[in-house]
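Structure first, commentary second.
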2 protein chains.
Amino acid sequence: MMSHDNICPVDTTLSILFKKWKPVILFHLHNQGTVRFSEFQRLIRLSTKRTITKKMLTQQLRELEEDGLIYRIIYPEVPPKVEYLLTDYGKTTKTMIEEIVKWGNDHLDKTIRSNGTS
Amino acid sequence: MMSHDNICPVDTTLSILFKKWKPVILFHLHNQGTVRFSEFQRLIRLSTKRTITKKMLTQQLRELEEDGLIYRIIYPEVPPKVEYLLTDYGKTTKTMIEEIVKWGNDHLDKTIRSNGTS
DNA sequence: CAGTATCCGAGTGGATACTG
DNA sequence: CAGTATCCACTCGGATACTG
């Protein structure tokens, strides 16, 4: 324990992986393997029932790329085609995302069941 | 899979456990078992090098309490003494928090090592 | 000690329009 | 298709002061 002097590992993970839409993005990447830009918008809209703007999506993807978690592959075609996929390092987030999905589902179970009981 | 129609488990977990200071709070609760209000301020200051205001801390703790993750025990003394601890349900976040700590440490290792190498 | 109340500036992120 | 650019309303959360 007490690695790295006094830099907080929790804070580190939060700032890199748990900002805004990043966990959802990682979730879909773990699921689909490869995802295109517009596909992200669709997937996110479907799973979260919320809309992510292009600006936001771009920003989040860029940050993930800069942190070495995803690749951005640009196909020089017309119309443009860009694919995103996890780097090996990005794949190390698998367990974490799985835990999050699991916990979320458990909580939803719990919440939904607690009709009637009190 | 595909539990709960189309409510996103990732979003659910994020909204309950990963807002602001909550993961750090949970982290310290898993570590210490029982934590007092002022102790939280100290622990958080030490581990994150940031200051959490009373307002923020109160708010976060209240939300965690309302979601059934922690207990708030008030000792009717003067001066007041309030202790926080995880409920059984709160304890189910252990694996997740551990994963986050682990990943954070790994990332810090990686980052620190990548001096010189490239 | 463990909060509550108020004020307010900075930053976030949505909406919208434009581009290669 | 996959972005970029701009504008701005709104929220968030820090600072500060007060309280049982």
Side-chain angles (χ1 to χ4, degrees), chain A residues 8 10-11 14-26 28-29 32-67 70-85, chain B residues 8 10-11 14-26 28-29 32-67 70-85:
Chain A
C8 184
V10 177
D11 257 11
L14 293 183
S15 66
I16 298 172
L17 303 182
F18 290 85
K19 285 288 172 183
K20 306 168 195 175
W21 301 84
K22 284 175 189 173
V24 183
I25 291 173
L26 292 172
H28 287 299
L29 281 171
Q32 314 280 327
T34 295
V35 182
R36 297 182 60 174
F37 188 85
S38 54
E39 209 179 344
F40 267 125
Q41 295 192 295
R42 246 182 49 80
L43 289 170
I44 290 174
R45 170 192 292 278
L46 288 177
S47 66
T48 71
K49 299 260 174 197
R50 291 182 294 147
T51 312
I52 184 169
T53 59
K54 291 176 175 184
K55 177 185 153 195
M56 255 297 106
L57 182 54
T58 302
Q59 180 189 311
Q60 301 289 294
L61 289 169
R62 289 293 187 287
E63 290 180 12
L64 288 170
E65 195 190 354
E66 276 163 27
D67 283 322
I70 63 173
Y71 292 121
R72 176 164 174 256
I73 303 178
I74 307 162
Y75 296 88
E77 307 176 354
V78 176
K81 174 177 168 183
V82 178
E83 285 184 343
Y84 295 90
L85 58 152
Chain B
C8 183
V10 177
D11 258 10
L14 293 183
S15 65
I16 298 172
L17 302 183
F18 289 85
K19 285 289 173 182
K20 309 170 195 172
W21 302 84
K22 284 177 189 172
V24 183
I25 291 172
L26 293 172
H28 287 299
L29 282 171
Q32 314 281 328
T34 295
V35 183
R36 298 182 59 174
F37 188 85
S38 54
E39 210 179 344
F40 267 126
Q41 295 191 295
R42 246 182 49 81
L43 290 170
I44 290 175
R45 170 193 292 277
L46 288 176
S47 66
T48 69
K49 299 261 173 196
R50 292 182 293 147
T51 312
I52 185 170
T53 58
K54 291 175 175 185
K55 177 183 151 195
M56 256 296 107
L57 182 54
T58 302
Q59 180 189 311
Q60 302 290 293
L61 289 169
R62 288 293 187 286
E63 289 179 14
L64 288 170
E65 195 191 354
E66 275 163 25
D67 283 323
I70 63 173
Y71 291 120
R72 177 166 174 255
I73 302 177
I74 307 163
Y75 296 87
E77 307 175 357
V78 176
K81 174 176 167 183
V82 178
E83 285 185 342
Y84 295 89
L85 58 152

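Keep in mind that this is a model prediction, so the values were computed, not measured. Each chain gets a letter, A, B and so on, in the order its sequence line appears, and its residues count up from 1. Computed from heavy atoms alone, side chains included, the values below leave out hydrogens, waters and symmetry copies.
The NZ atom of A/Lys19 sits 14 Å away from the P atom of D/dC12 (whole-angstrom rounding). One can place CD of B/Gln41 at 10 Å from C1' of C/dC1, the figure rounded to the nearest angstrom. With rounding to whole Å, A/Leu57 atom CG is found 13 Å from D/dT4 atom C1'. Atom pair A/Ile73:CD1 and D/dG3:P shows a separation of 13 Å (rounding to whole Å applied). Atom CD1 in B/Ile25 sits about 14 Å away from atom P in C/dA2, given to the nearest Å. In this structure, CD1 of B/Ile74 is placed 13 Å from C1' of C/dC1, rounded to the nearest angstrom. For B/Gln59 and D/dG13, the CD to C1' distance is 8 Å, given to the nearest whole Å. Atom NZ in B/Lys81 sits about 13 Å away from atom P in C/dG3, given to the nearest Å.
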For nucleotides 14-20 of chain D, print each protein N/O atom paired with a nucleotide N/O atom at under 3.5 Å, atom names and distance only.
| from | atom 1 | to | atom 2 | distance (Å) |
| --- | --- | --- | --- | --- |
| D/dG14 | O6 | B/Lys55 | NZ | 2.1 |

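At the heavy-atom level, A/Tyr84 lies under 4.0 Å from the strands shown only through sugar-phosphate atoms.
Put simply, the side chain of A/Leu61 does not reach to within 4.5 Å of the side chain of A/Arg72, judged on heavy atoms. In this structure, the side chains of A/Ile25 and A/Leu57 come closer than 4.5 Å at one or more pairs of heavy atoms. Using a 4.5 Å heavy-atom threshold, the side chains of A/Trp21 and A/Met56 count as touching.
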For this session: Return one dot-bracket line describing DNA chain C 5' to 3' (Watson-Crick or G-U wobble pairs, both distances under 3.5 Å; ( ) same strand, [ ] crossing, | another strand, . none).
Result: ||||||||||||||||||||
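A donor and an acceptor atom, one from each side chain of B/Tyr75 and B/Glu83, are located under 3.5 Å apart.
At the phosphate of D/dC1, neither OP1 nor OP2 sits under 4.0 Å from any side-chain N or O atom of A/Arg36. When the side-chain nitrogen and oxygen atoms of B/Thr58 are compared with OP1 and OP2 of C/dG3, none of them lie within a distance under 4.0 Å. Phosphate proximity of D/dG3 to A/Arg72: present, with a side-chain N or O under 4.0 Å from OP1 or OP2. For C/dA2, the OP1/OP2 oxygens have no side-chain nitrogen or oxygen of B/Arg62 closer than 4.0 Å.
A side-chain contact (heavy atoms from CB on, under 4.5 Å) with B/Lys22 holds for exactly one of B/Ile16, B/Leu17, B/Leu64; it is B/Leu64.
Atoms CD and CD1, from A/Gln60 and A/Ile70 in turn, are 10.0 Å apart once rounded to the nearest 0.5 Å. Rounding to the nearest 0.5 angstrom, the gap separating the CZ atom in B/Phe40 from the OH atom in B/Tyr84 is 8.0 Å.
B/Glu39 contributes a side-chain N or O that, together with a main-chain N or O of B/Arg36, makes up a donor-acceptor pair within less than 3.5 Å.
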Exercise. Going through the checks in order, is the salt bridge (Lys or Arg N to Asp or Glu O under 4.0 Å) test met by B/Asp11 and A/Arg50?
Worked result: CA-CA 10 Å; B/Asp11 258 10; A/Arg50 291 182 294 147; 2.9 Å; yes
